[in-house]
Participant: 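I'd like to ask you about the structure that follows.
Residue numbering restarts at 1 for every chain, and letters A, B, ... go by the order of the sequence lines.
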Amino acid sequence: MSCTANGVADALRAAASAIAEHRVELIELDRAIGDADHGENLNRGLAAIVSALDPAVPDTPGAVLKLAATTLISKVGGAAGPLYGTAFLRAATKVGAVSELDAAAVAEALRAAVEGVQARGKAVEGDKTMVDALLPAAAAAEEAAGVEGADVAAVLTAAADAAAKGAESTVDLVARKGRASYLGERSAGHLDPGARSSALLLRALAEAAR
Amino acid sequence: MSCTANGVADALRAAASAIAEHRVELIELDRAIGDADHGENLNRGLAAIVSALDPAVPDTPGAVLKLAATTLISKVGGAAGPLYGTAFLRAATKVGAVSELDAAAVAEALRAAVEGVQARGKAVEGDKTMVDALLPAAAAAEEAAGVEGADVAAVLTAAADAAAKGAESTVDLVARKGRASYLGERSAGHLDPGARSSALLLRALAEAAR
Amino acid sequence: MKKIINDPADVVTESLRGFAAAHADLVRVQYEPDVVVRADAPVAGKVAIISGGGSGHEPLHAGFVGPGMLDAAVPGAVFTSPTPDAVQAAVTATTGEAGALLIVKNYTGDVLNFETAGELAAAEGLDVRSVVIDDDVAVADSTFTAGRRGVGGTVLLEKITGAAAARGDSLDAVEALARKVIGQVRSIGVALTAPTVPHAGEPSFELADDEIEFGIGIHGEPGRERIKLEPADALVARMVDAVVEDLPFTSGDRVLLFTNSMGGTPQLELYLAHGIAERLLAERGITVARRLVGPYITSLEMQGISLTLLKLDDELAELWDAPVETAALRWRA
Amino acid sequence: MKKIINDPADVVTESLRGFAAAHADLVRVQYEPDVVVRADAPVAGKVAIISGGGSGHEPLHAGFVGPGMLDAAVPGAVFTSPTPDAVQAAVTATTGEAGALLIVKNYTGDVLNFETAGELAAAEGLDVRSVVIDDDVAVADSTFTAGRRGVGGTVLLEKITGAAAARGDSLDAVEALARKVIGQVRSIGVALTAPTVPHAGEPSFELADDEIEFGIGIHGEPGRERIKLEPADALVARMVDAVVEDLPFTSGDRVLLFTNSMGGTPQLELYLAHGIAERLLAERGITVARRLVGPYITSLEMQGISLTLLKLDDELAELWDAPVETAALRWRA
Ligand SMILES: Nc1ncnc2c1ncn2[C@@H]1O[C@H](COP(=O)(O)OP(=O)(O)O)[C@@H](O)[C@H]1O
Ligand SMILES: Nc1ncnc2c1ncn2[C@@H]1O[C@H](COP(=O)(O)OP(=O)(O)O)[C@@H](O)[C@H]1O
Ligand SMILES: [Mg+2]
Ligand SMILES: [Mg+2]
Ligand SMILES: [Mg+2]
Ligand SMILES: [Mg+2]
């Protein structure tokens with residue numbers, strides 16, 4: 001895949017399929033330490049992105065990301081809607097009006113996305129949120145992008161690998177942000193649904209990029 | 001036991017013990033085809049009779065029966081309260097002011113009681129109600145009282161035996177009166193709680209009379 | 001059994017204490033026998049409207065005591081009709097020259113106990129009449145049953161007779177009105193789960209995960225028929241059919257539609273069902289001119305709903321709209 | 001899962017259709033995005049009071065739309081806070097020169113989505129302020145949590161700010177009043193059973209037959225602590241202690257006591273619990289001057305209750321008593 005507007009659109013379609021496939025898993029994770037809606041909400045939002053891309057894919061990768069952002073903001077709700085919405089919005093702003101993204105641009109976009117999530121949600125590493133998947137992902141992406149001749153697929157694969165590990169690390173954590181924090185110590189022993197969905201999204205994008 | 005006021009009072013205390021012992025069973029029977037209160041209500045009523053007899057037992061068997069009747073009417077509620085209340089009231093009226101009941105008087109009292117239940121509840125034999133225990137009981141009591149030298153114990157034992165058989169016969173019946181009738185055909189296959197409590201009461205009275 | 005109670009034997013009395021504390025402006029509660037009476041009873045010159053029955057159906061009946069509706073409610077033990085002395089206490093507290101109307105739901109126990117209470121009142125020279133409401137179409141009204149049960153229609157009957165008494169109608173007039181309402185109100189209920197009677201401790205019936213009781217009563221009696229759970233559209237259509245075809249209600253009729261929760265059904269589902277019923281009635285040419293939606297006649301924590309239709313004319317609509325001020329129903333004209 | 005629904009994805013919209021049909025005199029409903037608006041909105045010159053949140057807590061919030069309370073309610077998907085565009089639609093439909101107050105329950109999702117909506121409104125030159133209510137004493141209010149949740153106090157806040165707006169208070173005054181109420185209202189909840197979210201299909205948590213969740217929220221999140229079921233006297237005492245000792249409320253205080261059903265708890269139990277709470281407060285020298293008892297902020301079919309205490313002064317009592325006319329709360333002065 002080349003990281004043009006159409007390439008990003010295809011990657012988002014792949015992400016939508018991944019979330020649809022893992023909808024029940026995400027609901028179940030959220031049922032354990034939250035309110036059982038994360039998979040439903042995210043699935044509704046991603047499906048809405050696919051529909052929004054249907055009439056015509058916007059001109060640039062940035063415009064596609066912006067459409068994704070506004071769709072998430074107006075269709076998902078809950079905590080994840082504004083957080084993921086902000087992530088995509090910051091990424092869109094970061095990449096600007098170029099017609100194709102290179103490895104460095106993707107890494108920068110991911111960093112901007114994480115910063116957006118942290119700016120909105122105020123979570124830091126270790127709070128047992130999607131930040132625990134996204135922060136290592138951004139770092140790994142930057143590192144991969146620094147490697148001579150790295151392509152977008154390599155950057156996203158590194159990010160997805162790191163996100164998967166980061167997500168796993170939330171199992172042992174006690175939540176300090178989001179709904180799971182109400183549980184206190186009882187939140188430990190469970191995978192954070194948002195961290196899991198972040199890992200799923202990045203994996204789908206990485207695979208689409210190959 | 002001699003069937004004096006005190007004898008009748010003792011018999012009622014024995015009946016109260018029997019109902020307390022079978023409270024849960026009667027609730028369960030009523031749960032299957034009714035509203036799960038028969039054992040609770042009857043137990044409350046019989047316990048109230050015991051309390052009412054506590055300060056002083058009235059002078060005559062008739063007065064004891066009348067006290068039982070008014071207590072049941074004001075403490076039981078539901079269908080069984082007025083029906084059993086009427087039964088005891090009619091029995092009390094029938095035995096009048098004598099100070100001791102003989103076998104014939106007991107049989108007559110039982111017949112009056114059944115007639116009272118039928119006058120109030122309009123149930124006939126085969127409707128799957130307490131009438132299916134009480135009607136054969138009254139007939140058996142009359143027959144036993146006709147036997148040369150029969151005593152009260154013999155009369156009540158005959159009544160209790162017949163009531164037990166009559167109660168059993170309700171299992172196969174489809175209810176046509178009371179709450180179980182709402183079930184239609186689905187009421188078949190269950191013992192009627194009121195028929196069962198009638199059989200229990202008569203058995204307790206018969207054993208007290210021995 | 002999971003309940004917020006102390007001793008099951010004390011549930012009704014303890015609950016009445018809380019009710020009395022919460023609604024001292026509307027009611028006063030007498031104990032042993034337990035009776036809930038309008039705070040300002042007896043209201044001189046007014047026909048008293050009295051109802052009662054087993055507890056566990058709240059807000060019925062105590063929640064409907066107050067100006068424009070009941071003068072007294074007589075709560076029995078859970079699912080057990082009250083005793084005659086309790087009904088008599090309600091009559092004594094509320095009834096004067098104008099007399100009283102007893103609203104009795106058609107159950108053997110209620111009918112018998114209120115019958116005796118009526119005789120006691122007559123013996124005291126009071127003019128006390130009874131009407132028996134039997135609006136449940138689930139039960140065949142034949143000599144093979146105890147007759148149809150009184151269910152959702154009871155709430156409407158209490159409101160409408162309460163309004164008639166409040167405007168000064170005579171006992172004759174209120175009684176005639178009650179019989180008219182009873183003649184043109186019909187209901188059907190359905191249960192998704194069973195209630196648990198406190199002293200019994202076990203659910204009143206067992207249902208598989210995909211089964212419901214169609215034609216349920218309000219006492220945890222199993223329903224008339226056990227059917228598979230179906231989508232709301234199909235279920236509500238089944239209910240509307242049962243009610244509409246019974247009276248029957250026909251195109252051009254104006255009705256009050258009462259969509260009732262049996263207790264455990266959340267509002268989200270209740271309004272969803274109500275919306276479907278409104279649509280189905282419109283399709284039949286029946287005009288829903290008034291509506292009531294909520295948990296008004298319940299069966300403890302049972303999940304399920306009932307639909308009640310009352311054929312309206314101008315008088316009934318006016319009496320429905322008349323002001324009412326009770327714990328559970330409250331509006332001004 | 002047993003529910004009276006069609007497709008789980010359509011539950012909220014279908015339920016709103018029924019709500020709209022039932023209460024056309026009070027509200028009008030807009031769809032996509034879904035918003036429930038006062039029938040006569042916008043009310044000229046009046047501060048608009050707007051609230052919203054995930055669905056499944058009915059009657060909150062739509063049941064409180066009408067004169068004397070909310071101008072609009074924004075229902076999200078079940079247990080999911082609504083999106084900013086929906087909030088914006090509510091603002092557009094209700095808000096003029098006088099501005100609007102957004103009442104936001106303290107959950108990450110609600111706070112973030114309402115925040116964005118506020119920015120959108122500001123961009124259109126409207127004076128829109130937000131207050132965040134966080135009355136749940138079950139959650140430690142520390143940097144180790146998302147902060148205390150908004151629960152039962154929300155109902156009281158909506159009523160009181162609604163009354164202030166109705167009497168013509170400015171946005172400054174209404175906002176200050178809201179912060180005052182938030183400062184002196186506290187709640188605690190308990191769950192006996194779990195709710196089932198329609199799209200999830202399974203109960204939100206599992207509880208043994210003798211276990212309850214103490215410090216439950218209203219979204220099927222497990223509670224703070226799992227304890228053994230205990231008699232009502234002990235349980236209500238535990239709840240009263242938690243609430244009273246938090247603010248703290250002390251002897252001589254006048255309070256409003258709100259005893260709330262989480263949905264599945266029958267009235268019989270609810271009033272029983274209310275009676276106990278009244279007694280315990282009296283023993284502490286706290287005067288219960290106003291009360292509200294009923295299912296007003298629920299969690300689908302969850303069995304459980306919450307207790308909310310609001311410290312009253314003359315102004316708050318007067319605003320509480322002021323007339324209100326909504327689907328779920330209705331009284332005149
Ligand atoms: N303050 C926050 N910062 C970052 N992520 C958060 C924050 N709060 C919640 N989240 C993430 O959101 C996820 C829950 O999303 P979702 O279930 O859709 O929202 P809600 O909690 O409103 O139901 C959590 O698993 C967590 O990863
Ligand atoms: N019309 C009737 N005539 C005679 N007995 C009746 C009649 N109706 C009900 N019963 C008896 O009453 C019993 C139920 O009593 P109970 O459970 O105390 O009253 P309820 O049905 O009001 O809950 C039935 O099992 C039946 O034997
Ligand atoms: Mg969630
Ligand atoms: Mg019974
Ligand atoms: Mg009964
Ligand atoms: Mg949520």
Participant: For residues C/L112 and B/A79, report the shortest heavy-atom separation together with the two atoms involved.
Facilitator: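 Here C/L112 and B/A79 meet closest at CD1-O, 4.1 Å.
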
Participant: Picking from B/A80, B/G81, B/G34, B/A123, which has the most non-hydrogen pairs under 4.5 angstrom with chain C?
Facilitator: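 Option with the top pair count is B/G34.
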
Participant: Using a cut-off of 6.0 Å, state whether more than 12 heavy atoms not belonging to C/D10 lie near its atom CG.
Facilitator: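 For C/D10, atom CG is crowded (more than 12 foreign heavy atoms under 6.0 Å).
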
Participant: Which region of C/A77, side chain (C-beta onward) or backbone (N, CA, C, O), has a non-hydrogen atom less than 4.5 Å from a non-hydrogen atom of chain B, or is it both or neither?
Facilitator: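 The side chain, not the backbone.
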
Participant: Is there a side-chain contact between B/V24 and C/E202, using heavy atoms and a 4.5 Å cut-off?
Facilitator: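 A side-chain contact is absent here, since even the closest heavy-atom pair is not under 4.5 Å.
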
Participant: Would you name the heavy atoms of C/P84 and B/I73 that are closest together and state the gap between them?
Facilitator: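 Here C/P84 and B/I73 meet closest at CD-O, 3.3 Å.
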
Participant: Determine yes or no for a side-chain-to-main-chain donor-acceptor pair under 3.5 angstrom, with C/H199 supplying the side chain and B/N41 the backbone.
Facilitator: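 Here the side-chain-to-backbone pair does not exist.
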
Participant: Measure the spacing between CG of B/L183 and CD of C/E213 and express it to the nearest 0.5 Å.
Facilitator: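 Here the interatomic distance stands at 8.0 Å.
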
Participant: In terms of heavy-atom proximity below 4.5 Å to chain C, should B/I27 be classed as side chain, backbone, both, or neither?
Facilitator: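 Contact with chain C: side chain only.
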
Participant: Output the option from C/H219, C/R148, C/E225 having the highest count of non-hydrogen pairs under 4.5 Å with chain B.
Facilitator: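 Counting heavy-atom pairs under 4.5 Å, the top option is C/H219.
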
Participant: Could you tell me whether a side-chain N or O of C/T80 sits under 3.5 Å from a main-chain N or O of B/G77, the two making a donor and an acceptor?
Facilitator: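 No, the answer is negative, given that no donor and acceptor are paired below the 3.5 Å cut-off.
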
Participant: With a 4.5 angstrom heavy-atom cut-off, which part of B/R186 approaches chain C: side chain, backbone, both or neither?
Facilitator: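 Answer is side chain: those atoms of B/R186 sit under 4.5 Å from chain C.
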
Participant: What part of B/V174 gets closer than 4.5 Å to chain C, counting heavy atoms only: side chain, backbone, both or neither?
Facilitator: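 B/V174 has no heavy atom closer than 4.5 Å to chain C.
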
Participant: Less than 4.5 Å to any heavy atom of chain C: does that hold for the side chain of B/A32, its backbone, both, or neither?
Facilitator: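 For B/A32, the backbone is the part near chain C, not the side chain.
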
Participant: Select one option (side chain, backbone, both, neither) describing which atoms of B/K122 are under 4.5 Å from chain C's heavy atoms.
Facilitator: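 Neither part; nothing is under 4.5 Å.
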
Participant: Nearest heavy-atom pair of B/G78 and C/S81: which atoms, and what distance?
Facilitator: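 Of all heavy-atom pairs spanning B/G78 and C/S81, the closest is N-OG, 2.9 Å.
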
Participant: Let me know if B/A175 has heavy atoms under 4.5 Å from chain C in its side chain, its backbone, both or neither.
Facilitator: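 Backbone only.
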
Participant: Check whether C/V78 gets within reach of chain B through its side chain, its backbone, both or neither, counting any heavy atom under 4.5 Å.
Facilitator: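 C/V78 touches chain B through backbone heavy atoms alone.
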
Participant: How many angstroms lie between atom CG of B/D30 and atom CZ of C/F79, to the nearest 0.5 angstrom?
Facilitator: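 Those atoms lie 11.5 Å apart.
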
Participant: State the CD-OG distance between C/E221 and B/S187, to the nearest 0.5 angstrom.
Facilitator: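 Taking CD in C/E221 and OG in B/S187, the distance rounds to 13.0 Å.
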
Participant: Assess whether atom CD of B/E143 is packed by more than 12 heavy atoms of other residues, nucleotides or ligands within 6.0 Å.
Facilitator: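 Open.
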
Participant: What part of C/D110 gets closer than 4.5 Å to chain B, counting heavy atoms only: side chain, backbone, both or neither?
Facilitator: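 No part of it gets close to chain B.
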
